[in-house]
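Below is one structure, written out as structure tokens; comments come after it.
Sequence lines set the chain letters: A, B, ... in the order given, protein chains first and strands last, and positions in each chain run from 1. As a basis for the values below, the full set of heavy atoms in this structure was taken, side chains included, without hydrogen atoms, waters or symmetry mates.
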Protein chains: 2
Amino acid sequence: MGITERKEREKEQRREDILDAAERVFRDKGLAAATMDEIAEHAELGKSTLYLYYKSKEDLYLAVTMRGGEHLYEMLKAAASTGEPSVKRVWNMGEAYLAYFNQYRHYFQMYYFLENSQLHSQVSPEMSELCALADQKIWGVVVSTIQEAIDEGLFEKDVVPIQAAVMFWSNCNGLMRQMDRQDAYWEKALNINLEETMQKGNMLLMEGMMTQKGRLEFEKAMNQQQTNREKEET
Amino acid sequence: MGITERKEREKEQRREDILDAAERVFRDKGLAAATMDEIAEHAELGKSTLYLYYKSKEDLYLAVTMRGGEHLYEMLKAAASTGEPSVKRVWNMGEAYLAYFNQYRHYFQMYYFLENSQLHSQVSPEMSELCALADQKIWGVVVSTIQEAIDEGLFEKDVVPIQAAVMFWSNCNGLMRQMDRQDAYWEKALNINLEETMQKGNMLLMEGMMTQKGRLEFEKAMNQQQTNREKEET
DNA sequence: TCACGTACTGACTACCAGTCGTTAAATAAT
DNA sequence: ATTATTTAACGACTGGTAGTCAGTACGTGA
């Protein structure tokens, strides 16, 4: 009898429905201003029902955040699987992160919460664990691509993959934060394009990591991409 | 008659007393878990009195944050005024930011709030303005030192000071966030020292900005510092 | 038809930011 | 010296929210 299975599916569906409602409300109002009552209303459920599926408002918030993490993971994986040389694919991932930021800004913003552990008092250990795993999955894509570049002699042998990864992340993330907060100010008052700045930063980091061979491969791949784009335009 | 002046001083003193109490409570509990009642108790005042001096809990929090900003400003200014070559002083400021992080961790953590504009709904425009000014003061120190380095031909002419500054900031800040959140994990599980990583990142950025002359000056200044330290130890 | 378990709920509690009418004390005016 | 006025402070209150819990409705299996 498939009753247990059906019930399992239905339960899973409820979890998703609640997540949909929560995503909408959190997106519109942010964590602090969103209320569980409002989420419940959108989900067409009583507030107390939400607590049967998620242990706290913060847990629910993180569950939505992890949806965003899944998107990022997919985009990074795609960027790391183009068949281009590894150095170019490392670069691609910076661009993919930027695309993620532009396409899924609200998910990006949710990471503010994840990164501030002072706010995690209401987060269940289980959810913390899930987040840590999702996090590792994402780092994994970046690290393994950098490792490839080292193995192929395109990055210097003394580059430490996870260390390089956190440097790229730090540069990208910091710049995107500025974009998120006051892109207009940088553009108008300071005449600085932050997207370009981010690319410049990644470039400087890569320059310091690549071998001579890596630099050649990278330049070739960039030119190749340029040519392909021009072809597509005709 | 100095009555008005005395009252003015007393009022200012109250503001400081409240700030002291708030700093203690915020430091121990963070923004969310701290309550205005508790701050009032520490300040030996009624809760409603706090609202005569600060418009909201968030305003009070930012006022404490700005105290921290003042410390950072002083430390950066000191690092930028050692009489060493400008390139070395740019480097110093990264080290100073790190020292600030280690010495005033609780202030550093308060910036999480400042950087998340989603949480600013209760912040008064006046306080926002004050924060923006304090922010600019800090950027100013960094930018002008980088400008010196360019003028002296130690950084390449095509370096844009404010752009370089935001790159350094981004690298430092991102790494410190990781240190703050899970330094132990990086150290033990991944065998990565994040302070070194931060320095390495700054170094890569500088390498990409310095002229040949700048590299020589920088190396000389670093050796000089090393020698001085060895002397001090004897 | 009845007993049981499950999913769900509305009413409730505890708590907290922020407000308001009042009080007490210091200062100014008479 | 006495009264009026301004100022600083406060306690009691409001509105709103996260999270709880006793109870209900309904599908399932006997």
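Between Y100(B) and F108(B), the ring center distance fails the sub-6.0 Å criterion.
Comment: E38(B) does not engage R24(B) in a salt bridge, judged by the lack of any side-chain N to carboxylate O separation of less than 4.0 angstrom.
Spacing between atom CZ of R9(B) and atom P of dA8(D) amounts to 15 Å, rounded to whole angstrom units. Counting to the nearest Å, the P atom of dA9(D) and the CD atom of Q13(B) are 12 Å from each other. Straight-line distance from the CG atom of D59(A) to the P atom of dA18(D): 14 Å, rounded to whole Å. To the nearest angstrom, C1' of dC16(C) lies 13 Å from CG of L31(B). Across the protein-nucleic acid pair, L50(A) atom CG and dT17(D) atom P stand 15 Å apart, rounded to whole Å. Atom pair I18(B):CD1 and dC10(D):C1' shows a separation of 13 Å (rounding to whole Å applied). Rounded to whole Å, the distance from NZ on K11(B) to C1' on dA26(C) is 14 Å. For the pair R15(B) CZ and dA8(D) P, the interatomic distance rounds to 13 Å; values are reported in whole Å.
Residue L52(B) is classed as a base contact, given a heavy-atom separation below 4.0 Å to a base. Residue contacts for A34(B): at a heavy-atom cut-off of 4.0 Å it reaches the sugar-phosphate backbone alone, with no base atom in range. Here S48(A) lies in heavy-atom contact (under 4.0 Å) with a base.
Side chain K47(A) to base dG19(D): a donor-acceptor pair is found below 3.5 Å.
When distances run from any side-chain atom of R14(A) to the nucleotides dC8(C), dA7(C), dG19(D), the shortest one goes to dC8(C). The listed nucleotides are dG18(C), dT9(C), dG19(D); the one nearest the side chain of K57(A) is dG19(D). Of the candidate nucleotides dC16(C), dG19(D), dA8(D), dC16(C) has the atom nearest to the side chain of T35(B).
Considering all non-hydrogen atoms of both residues, K11(A) and Y53(A) come closest at O-CE2, 3.7 Å.
Within 6.0 Å of CZ on R67(B) lie more than 12 heavy atoms contributed by other residues, nucleotides or ligands.
Remark: T49(B) is not in phosphate contact with dA8(D), judged by side-chain N or O atoms under 4.0 Å from OP1 or OP2. A sub-4.0 Å separation between OP1 or OP2 of dA9(D) and a side-chain N or O of Y51(B) is absent. Within the 4.0 Å cut-off from OP1 or OP2 of dG18(C), not a single side-chain nitrogen or oxygen of Y54(B) is found.
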*Any chance you could lay out the side-chain hydrogen bond (donor to acceptor under 3.5 Å, both in side chains) test for K57(A) and Q122(A), step after step, and finish with the verdict?*
CA-CA 8 Å; K57(A) 186 184 174 182; Q122(A) 299 305 319; over 6 Å; no
